[in-house]
Structures are given as C-alpha cells and as structure tokens.
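First up is the structure itself, then whatever we jot down about it.
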Amino acid sequence: MTDTKKKIALTGIKPTGIPHLGNYLGAIRPALELSKTCEARYFIADYHALNACKDPAVLRKMTLEVAATWLAAGLDPDKVLIYKQSLVPQTHELLTILMAFTPKGLMNRAHAYKAMLQSNAEAGKDPDDGVNMGLFTYPVLMAADILLFDTDFVPVGKDQFQHVEMAVDIAQSFNHVYSCEALKIPQALSSDISSILPGLDGRKMSKSYDNTIPLFVPEKQLRKLIMRIITNSQGVEEPKDPDTCTIFSIYKNFATEAQIQSLRERYLAGGMGWGHAKQELFELMNEHLSPMRARYDELMANPAEIDRILAEGSAKARDFASEKIKYLRQVIGVE
Ligand code: TRP
C-alpha cells in the first residue's frame, strides 16, 4: 500500500450518528475523490467521540454506522487504509509525547473550549463546568492522529482548521527542539460545502436545524422529504430562478453538466411547477443513492463484516504506527 511518490491524505471521522447529505457531499465524496491521487488513511475517531458519548451501545452503533456509510459510499479497503483510532494504541503514546510540546495557552485558545467557557459564563456557571480534560486536550489527540502517519493533507471542514494549525504548531515545536524533521508538517484542505448546501427549509443543511436529508432513508421516505422542500409560491407557468432555489442547489451536486443546463433552461422558461422539479431531483438522487443504500443495509445487517474490515485496516495502521513511534522514541531518548 505504501507508495513513496504519493502524498498522504488523512482524516478522522467522528462517529456521531447517521451522516446526512451535507456530510456526504462535503466530506465523504471529496475525501474519496482525493484518495484517487493520494495515499489515503481514513479512520474512525472513536476516542474523540468518548468525550461526549458515554453510552457503550450508542458509541458502538455510531461507529458501525459511520464505517458502513464510508464503505457503502465507495471506500475500497484494498486501496484506502480504513481503521479505528482505538485499535491503534500508538496514537496514545504519541499523545503523551506531544503533551510535553503543547503549551497550555495554545489549548486555552481552542474555539471549542472557548465556546464552552462562554456558554458557561452566560449561564452563570463555573467557567469549567462540564469541561473534561478530553475536551480540553482534544486538539493534541488530533495532532497525534495526524502526525503519527506522516500526513501531508488533512481534508476537513473549516471548523477543524484551527485544530490542524495547532498540530502544525506542535510539530514545529518538536522538530525545532530536536533540530530535525521527525514530524511531517500537515496542511488542511477545505472540503466545506455545508455552508452552501441548503437543507429542506432553505437554511444551511445542518442537524441543529433539523432540516437534513439523511443519506440512506428508504426510497419512499426520501421522496417524502424531497417533496417537503420549501419553495416560494410561484405558479406553474411562472419562470423561476434556479440560483435561489433549494431544489436546484441540491440537484447540481448529482447532475451532469448537460442535466444542469437542461433543468436551468426549464426553470427560466416557465411552465414547470415545483412538484415537477422535486420529482426530477428525487429520481436523480435515488438513482445515485439506491446502490449505496443497498450496500449500507447489507453491511449493517452484518456488523461482523464491518468489524473484520476495521480490524484488518487497523492491523496495517499499527504496523506503520509502531515504526514511527520507535523512531520518535529514539529521537527523544527513551530508547
Ligand atoms: N475533530 C474531527 C471532527 O470533529 C475528527 C478528527 C479526529 C480528525 N482526529 C482527526 C480530523 C484527525 C482530521 C484529522 O470532525
């Protein structure tokens, strides 16, 4: 699997429930695209999820769901290294090493931590109420994930850029102390379309607005959801503006250039009602999602298969990681 000429792309997927269309178009599809030109290492960040989720059944279920989603979306475990963070214990050794190079002040500046302090202040609570050390040191664990695998590129949403920058700071500080290039300096790649993909109500598609289209809902339900997309009250005959329309915005992500052009013309010409546009969107999306949905259902019915794939990938990840740790141990002088 190691190809020395190829750049290494790595990202962590936090298991947080069934992904929606925005996650697919904004994170999964671009990461799979990137894996065609890079050596890709994509893992389930289950220890990151532990900070917020303390229910073992839920954590396990969400891990299976997210793994099944990526596999169903086309991740080929023979080409992409897929593993579980918790099955690569070298991550935690690197975490311990990196702790010694992470100024506390750097962590104080993390957006997620600052947001917690802020909301505690607003609620008149103790500033550190509900803040565990896992949350406080979240960026260091993420730096360990990244730096353990000699990562060049980290495809993530914009909300994660600060964390990748922190990984860069920590790596530079380590390299500076030992006058070496032991840790490769990573670069964040933006894969954010979530800010432009509208949800059912026209606002940005987000779980917190309850306006998402879950990826693998059954066909009937998919159609129902699409029919619920909010439009304006223009009648069938009126010409319509594709560029301010939720249906069209979603359609563009699945259509060919010719299909986009054709639908655009029909919007502008008038004579096409919203119901008709929604039906076209449904048919196109269903065509794309049906095979993925079938594969997802098949995997979820057979969790042992998912576990096997993750175990196999994790064994390969450990081989790589243990070599890296051995080298770093020499650098710092514990070996
Ligand atoms: N923090 C990321 C998120 O919430 C998940 C993550 C964990 C990650 N470790 C990573 C992403 C390493 C990129 C690289 O989405």
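In this text, all values refer to a predicted model and were calculated from it rather than measured experimentally. Whatever order the structure lists them in is the order used to number ligands and atoms, beginning at 1.
For the pair K326 and E323, the salt-bridge criterion is not met [side-chain N within less than 4.0 Å of a carboxylate O]. Using a cutoff of 4.0 Å between basic side-chain nitrogens and carboxylate oxygens, R308 and E312 are scored as salt-bridged. Using a 4.0 Å cut-off between charged side-chain N and carboxylate O, R264 and D243 make a salt bridge. Between E39 and K6 there is no salt bridge, since none of the side-chain N atoms of the basic residue sits less than 4.0 Å from a carboxylate O of the acidic one. At a threshold of 4.0 Å, the pair K184-E181 does not count as salt-bridged, since none of the basic side-chain nitrogens sits closer than that to a carboxylate oxygen.
Of all protein heavy atoms, the one lying nearest to atom 9 (N) of ligand 1 is D145 OD2, 2.7 Å. In terms of protein heavy-atom proximity, atom 11 (C) of ligand 1 is nearest to G12 N, 3.3 Å. Looking at atom 10 (C) of ligand 1, its nearest protein heavy atom turns out to be M142 CG, 3.4 Å.
Of the N or O atoms in Q160, one or more lie within a sub-3.5 Å distance of an N or O in ligand 1. Residue-to-ligand polar distances place Y138 within reach of ligand 1: an N/O pair is separated by less than 3.5 Å.
Of all atoms in ligand 1, numbered sequentially from 1 with element shown, those under 4.0 Å from a heavy atom of V154 are 13 (C), 14 (C). With ligand atoms numbered from 1 in the order given, ligand 1 contributes 7 (C) to contacts under 4.0 Å with heavy atoms of A45. Taking every non-hydrogen atom of V156 and a distance limit under 4.0 Å, the qualifying atoms of ligand 1 come out as 11 (C), 13 (C). Below 4.0 Å from some heavy atom of T11 lie the following atoms of ligand 1, by number and element: 11 (C), 13 (C). Under a 4.0 Å criterion applied to the non-hydrogen atoms of I146, ligand 1 contributes the atoms 12 (C), 14 (C).
Using cut-offs of 30° and 60° for the angle between ring planes, the F149 and Y83 rings count as tilted.
For V164, no heavy-atom contact with ligand 1 is shorter than 4.0 Å. Under 4.0 Å from ligand 1, the heavy atoms of F43 that appear belong solely to its side chain.
Both cation-pi conditions hold for R203 and Y209: the charged atom is under 6.0 angstrom from the six-membered ring centre and inside a 45 degree cone around its axis.
At least one side-chain heavy atom of F248 sits less than 4.5 Å from a side-chain heavy atom of I260.
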